[in-house]
Amino acid sequence: MNPAVIASVETMLEKWKGREGEEMEVFEEFRLLTAEVISRTAFGSNYLEGKKIFEMLTRLSILVINNYYKTKIPGISMIWKTADEIESEKLAKGIHDRVMEMVKRREKNVSVGESDNFGNDFLGLLINAYRDSDEKNRFSVEDLVDECKTFYFAGQETTNSLLAWTVLVLAIHTEWQEKTRREVFEAFGDRNPNSEGISKLKVMNMVINETLRLYSPVSAVIRKVGKEAQLGRLVLPANMEVMIPIMALHHDPQSWGDDVHLFKPERFAQGIASATKYNSAAFIPFSMGPRSCVGMSFATTETKIALSMILQRYAFTLSPAYVHAPFPIITLQPQHGIQVMLHPL
């Protein structure tokens, strides 16, 4: 997937030419970038085709969050629906229809002989599961659409958040920006990033991990207890929902020390295990265990590629217009954007 990521970053950087010395709001820039990357790598389409799906998914997610804790009376929605419920149903149908359009296009290409398979990207794998000859393994239409929704949204929003906050901390801590840039030039020179070099970016890895600790894209995760379980002194009954507050764990002085609120990438110089004093639950930006995020490597690799290509071309400092207001809505977002000044190298 790296060539597709690089192509998308090059498109973004081409747009930046001529804006050197100007203030730039990077959160929105990275939203467009990560949306195009996920469209190209997972669905073989460009951002314009996926744009409407993103817009509908974002609106649908906000409606879900706004109504999550509202009391629901069983059966009432059969005779009366709120405006939010009506809009949610329209959005869900719109997303379903657009995903199925992409599926039918792939199926048609195979049936008329324009292609001999459904593709080896994420969508192609889903279609193969949807058309599996073994009924036990076969995906339903609902499975296929839901997997697309999850991958589209989770694969874009989290990476957008991580990339934006990483640029923020490097714009503030320019000494770490310079250390990271030196490492990038040592690994790639002025060439595009490659897989071998990406795996050796130790300083960048430290910076990204510390950003994930301070500004974890997902503030909390919710898990349902499958069967009665004991957690320390607590007995958790089956079907209980448990919220794991990732942000609180990442800012716990008992785990990280009195400097817990400071940006100190050197915490991770000896790896995550050493930084957490071998307490694996102290650092869980992508959750942990069998339900950990399947897109973890995808998100971090995309961030490393984009950051490397930016650092090869620009130094950046924080704009005086920036207002620090992290705002957890779906993912951790800067409420007023992230404004930086670009300085060409």
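One N or O on the side chain of H251 and one on the backbone of M247 form a donor-acceptor pair closer than 3.5 Å. With hydrogens and angles disregarded, a donor-acceptor distance shorter than 3.5 Å links the side chain of S308 to the backbone of K304. Judged by distance alone, the side chain of K264 and the main-chain N or O of D259 form no donor-acceptor pair under 3.5 Å. Side chain of E25 to main chain of E28: a donor-acceptor pair is present (N/O by atom type, distance under 3.5 Å, no hydrogens or angles). The backbone N or O of S111 lies less than 3.5 Å from no partner atom in the side chain of E114, so there is not a single donor-acceptor pair. Remark: side-chain polar atoms of D143 are paired, donor with acceptor, to backbone N or O of S140 under 3.5 angstrom. Between the R313 side chain and the M309 main chain, a donor and an acceptor come within less than 3.5 Å of each other. Between the side chain of T159 and the backbone N or O of Q156, no donor-acceptor pair lies under 3.5 Å. With hydrogens and angles disregarded, a donor-acceptor distance shorter than 3.5 Å links the side chain of Q177 to the backbone of L170. With hydrogens and angles disregarded, a donor-acceptor distance shorter than 3.5 Å links the side chain of Q312 to the backbone of R191.
Proximity of L332 to P217: side-chain heavy atoms (C-beta onward) are nowhere separated by under 4.5 Å.
Sorted by first and then second residue, the pairs that involve residues 151-165 and meet salt bridge (charged side-chain N to carboxylate O under 4.0 Å, His left out), not counting sequence neighbours, are R31-E157. A salt bridge (charged side-chain N to carboxylate O under 4.0 Å, His left out) check over residues 164-179, counting only residues at least two apart or in different chains, returns the pairs E178-R181. Among residues at least two apart or in separate chains, salt bridge (charged side-chain N to carboxylate O under 4.0 Å, His left out) pairs with a member in residues 211-239 are E210-R213.
D97 pairs by the side-chain hydrogen bond (donor to acceptor under 3.5 Å, both in side chains) definition with K93, not counting sequence neighbours. Qualifying side-chain contact (heavy atoms from CB on, under 4.5 Å) partners for N2, counting only residues two or more places apart in sequence or in other chains: S195, I198, T301, I305. Remark: D252 engages no residue in a side-chain hydrogen bond (donor to acceptor under 3.5 Å, both in side chains) (not counting sequence neighbours). Under the rule for a side-chain contact (heavy atoms from CB on, under 4.5 Å), the partners of K15 that lie at least two apart in sequence or sit in another chain are E29, L32. In this structure A7 satisfies the side-chain contact (heavy atoms from CB on, under 4.5 Å) test together with R40, sequence neighbours excluded. E14 is linked by a side-chain hydrogen bond (donor to acceptor under 3.5 Å, both in side chains) to K17, counting only residues two or more places apart in sequence or in another chain. With sequence neighbours excluded, the residues satisfying side-chain contact (heavy atoms from CB on, under 4.5 Å) with K104 are E107. Legend: residues meeting side-chain hydrogen bond (donor to acceptor under 3.5 Å, both in side chains) with E20, ordered by chain and number and at least two apart, are Y314. Residues satisfying the salt bridge (Lys or Arg N to Asp or Glu O under 4.0 Å) criterion with E241, sequence neighbours excluded, are absent altogether.
Here the rule is side chain to side chain contact (heavy atoms under 4.5 Å, CB included) with N209, and of T211, V207, N205 only N205 fits it.
The nearest pair of heavy atoms linking L236 to M240 is CD2-SD, 4.0 Å.
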